[in-house]
Amino acid sequence: MDSSEHGSSVSSTGVASGGTLPPGLTEEEAEEIQVELTKVEDEIQTLRQVLVAKERHAAELKRRLGISPLSEIKQNFTKGWHEVQCSNAYLTASATFEEIGRSDVYKRTQETLSQAGHMTSAAFSSVGSAIRNQFGEMRNSPSFKSFEDKVENMKYKVMGRSNGESDHSPTSNNAPF
């Protein structure tokens, strides 16, 4: 294999393309380095081809064994999670959280927050009941009934009576509220 077969950058005179040699290199050394570079690049290309062939072969073997890409991902995830659980950082953090969970301060805080949640829930329920009662009282008040009658009368004046309705004006007895 001479350098001209591989499209090398050494000219026929042995000088690197660009016209000048790097400092401290003779023309002979530059040619030797260029030949070695060409050989290494050829080896790299060969190794790439071998790697591609090995990857294809491995994929074929996995296919024949019934190993799918999804099962590989699942297996890798399981293995990774196991490694995390066995790591010192995870074990230390887990032990710390267990200690916190057993501490009196945590238990008191948990009880206080639980009680606050129950009290808040009861308060909202109470407020909701009070609002519902107030609306019920307001709806039965004479002023609301008068307002309701006026709105219905206006509705009938704007939209007119539908077929089959009587001639008298609507009352609060058949109000939609």
| request: Sequence neighbours left out, what passes side chain to side chain contact (heavy atoms under 4.5 Å, CB included) with L25? Give chain and number order. | output: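 Testing L25 for side chain to side chain contact (heavy atoms under 4.5 Å, CB included), a comparison that skips the adjacent residues, returns P22, E29, I33.
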Where is the tightest heavy-atom contact between A30 and L21, given as atom of each residue plus distance?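 That closest heavy-atom pairing would be CB-CD2, 3.6 Å.
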So, the side chain of [X] versus the backbone of [Y]: is there a donor-acceptor pair under 3.5 Å, distance only?
X: S121; Y: G117; result: no
X: T120; Y: A116; result: yes
X: S126; Y: A122; result: no
X: S71; Y: I67; result: no

So, taking the atom named [atom1] in [X] and the one named [atom2] in [Y], what distance separates them when rounded to the nearest 0.5 Å?
X: L51; Y: T46; atom1: CG; atom2: OG1; value: 12.5 Å
X: E152; Y: K150; atom1: CD; atom2: NZ; value: 14.0 Å
X: M119; Y: T112; atom1: CE; atom2: OG1; value: 11.0 Å
X: K62; Y: E72; atom1: NZ; atom2: CD; value: 3.5 Å
X: F97; Y: S94; atom1: CZ; atom2: OG; value: 8.5 Å
X: R48; Y: Q45; atom1: CZ; atom2: CD; value: 6.0 Å

Check the surroundings of atom [atom1] in [X]: do more than 12 heavy atoms from other residues, nucleotides or ligands lie under 6.0 Å from it?
X: N88; atom1: CG; result: no
X: E36; atom1: CD; result: no
X: M154; atom1: CE; result: no

Looking at side-chain heavy atoms only, is the closest gap between [X] and [Y] below 4.5 Å?
X: T78; Y: W81; result: no
X: F77; Y: K74; result: no
X: S129; Y: R132; result: yes
X: Q75; Y: K79; result: no
X: E31; Y: E28; result: no

Carboxylate-amine/guanidinium contact E111 R108, below 4.0 Å |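 No salt bridge links E111 with R108.
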**OP:** Decide whether V127 and M138 are clustered together by the hydrophobic rule: side chain heavy atoms of Ile, Leu, Val, Met, Phe, Trp, Tyr closer than 4.5 Å, transitively.
**Re:**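 Cluster IDs for V127 and M138 match.
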